[in-house]
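Beneath this line is the structure, given in C-alpha cells, with notes to follow.
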2 protein chains.
Amino acid sequence: MEEQLNQHPYDLDEETLFLVSQTFKALSDPTRIRILNLLFHKEHSVNEIAEALELRQSTVSHQLRFLKNLRLVKYRREGTSLFYSYDDEHVMHMLKQTIEHSKHS
Amino acid sequence: MEEQLNQHPYDLDEETLFLVSQTFKALSDPTRIRILNLLFHKEHSVNEIAEALELRQSTVSHQLRFLKNLRLVKYRREGTSLFYSYDDEHVMHMLKQTIEHSKHS
DNA sequence: TTCATATATGAATATATAATCATATATATA
DNA sequence: TATATATATGATTATATATTCATATATGAA
C-alpha cells in the first residue's frame, strides 16, 4: 500500500519534490557552477579543474562526487587521471541559459 | 577602476556567479518549490498558501520575502490580504520543465 | 616491490539556512 | 477609538552544507 501524504490537488508528490530540489541544489553553489561551466567546453581532470579554478583538490573531488551522484557528470580513466565531463544535457542547458540571462541583467 | 578578480578565461565573474547561484538556490528548497508550483495556476494570499500546503503563516511569509527579494514573485493588496503571483517567466519555465522532467524519471 | 602521482575519503569546523515562536505592524470595520 | 484579521519581522534553534586537513586508495613506472 502506497503512502499518500500529499492530498492537495496542486501540490507535488514527495519524490518529485526531492528530485527537483536536488537538481536545483546542485546548481545553487558557486563552486559547482564554476566546475560545470568549465565542463561546457571540454572534459577536465580533477587537477586541471583545481588549478583552473584555484580550488583545493579535495574540494573539487567532493563536489564532483556530489555531481556524480546526481548523474550530472561522468568520467573516464586515463592512467591515474580521471577526466570528468558533463552527463545531463537538460541541466547544462538550464545552466547556460541562466548564465546568459544573468550576464544581461 | 573595476576590480578584476577572475583572470581565468573560462571562469565566470563574481556578479554573474552570485546571480546564477541565487536563482537556483531559490528553486532548491522544497517549500519554495511548492509555493511557486501553487502560483503556476493563480495568485494566492499568504493564508491560502499556508492552508493549501499545511505550513505556518510565518514560514510562508519568510519564504515569500525571499522570493520577493529575487523578484520571482510580486503581490497586490486587497484589504488586509496580499495576493502573491509569480513575476519571472524564465524561472517559472525552468521550474515547470524540471518538474516534468523529474516526474518521468 | 618500491616510489611517485592522481584522486577519494573521513572527520572536524565554520557557516548558511529553514522553521518556529512571539510579537509587531497594517488595514478594515464597528 | 477599539477590535479583529492578515501579514511581516526578529530572535532562536536545529539542521544542512562547503571547505579544509590528514590520510587512504589506486594506478603506472622504475
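Below, read A as the first sequence line, B as the second, and so on, with proteins coming before strands; counting in each chain starts at 1. Worth knowing before you read on, the calculation uses all heavy atoms, side chains too, and leaves out hydrogens, waters and symmetry mates.
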Provide a list of protein-nucleic acid N or O atom pairs under 3.5 angstrom, restricted to nucleotides 8-13 of chain C.
from, atom 1, to, atom 2, distance (Å)
dA8(C), OP1, Tyr84(A), OH, 2.6
dA8(C), OP2, Ser61(A), OG, 2.8
dA8(C), N7, Gln57(A), NE2, 2.8
dA8(C), N6, Gln57(A), OE1, 3.1
dG10(C), O6, His62(A), NE2, 2.8

Non-hydrogen atoms of [X] and [Y] that approach each other most closely:
| X | Y | answer |
| --- | --- | --- |
| Met92(A) | Leu36(A) | CE-O, 3.3 Å |
| Leu38(A) | Ala52(A) | CD2-CB, 4.0 Å |
| Leu72(A) | Ala26(A) | CD1-CB, 3.6 Å |

Paired to dA16(D) by Watson-Crick or G-U wobble criteria (both distances under 3.5 Å) is dT15(C)
Distance, rounded to the nearest Å, where [X] contributes [atom1] and [N] contributes [atom2]:
| X | N | atom1 | atom2 | result |
| --- | --- | --- | --- | --- |
| Arg77(A) | dT7(C) | CZ | P | 9 Å |
| Leu55(B) | dT7(D) | CG | P | 14 Å |
| Lys74(B) | dT7(D) | NZ | P | 17 Å |
| Glu48(B) | dT7(D) | CD | C1' | 13 Å |
| Ile35(B) | dT7(D) | CD1 | P | 13 Å |
| Asp29(A) | dT17(C) | CG | P | 10 Å |
| Arg76(B) | dA26(C) | CZ | C1' | 17 Å |
| Asn69(B) | dT17(C) | CG | P | 13 Å |

Asn47(A) vs dT5(C): side-chain N/O to OP1/OP2 distance below 4.0 Å:
no
Below 4.0 angstrom from OP1 or OP2 of dA18(D), is there any side-chain N or O of Arg32(A)?
yes
Residue mapping more 5' on DNA chain D - nearest nucleotide basis, Gln63(A) or Thr80(A)
Gln63(A)
Is Asp88(B) paired with Arg71(B) through a side-chain N to carboxylate O contact shorter than 4.0 Å?
no
Would you say NZ of Lys96(B) has more than 12 non-hydrogen atoms from neighbouring residues, nucleotides or ligands within 6.0 angstrom?
no
With sugar-phosphate meaning primed atoms plus P, OP1 and OP2, does Lys68(B) contact a base, only sugar-phosphate, or nothing at under 4.0 Å between heavy atoms?
nothing
Membership question, hydrophobic clusters at under 4.5 Å side-chain separation (ILVMFWY): are Phe83(A) and Leu39(A) in the same one?
no
Per Arg56(A) side chain, nearest of listed nucleotides dT20(D), dA19(C), dA18(D)
dT20(D)
Side chain of Phe66(A): nearest nucleotide among dT7(D), dA6(C), dA18(D)?
dA18(D)
Considering the options Gln57(A), Gln63(A), Arg65(A), which one meets the side chain to side chain contact (heavy atoms under 4.5 Å, CB included) requirement together with Ser61(A)?
Gln57(A)
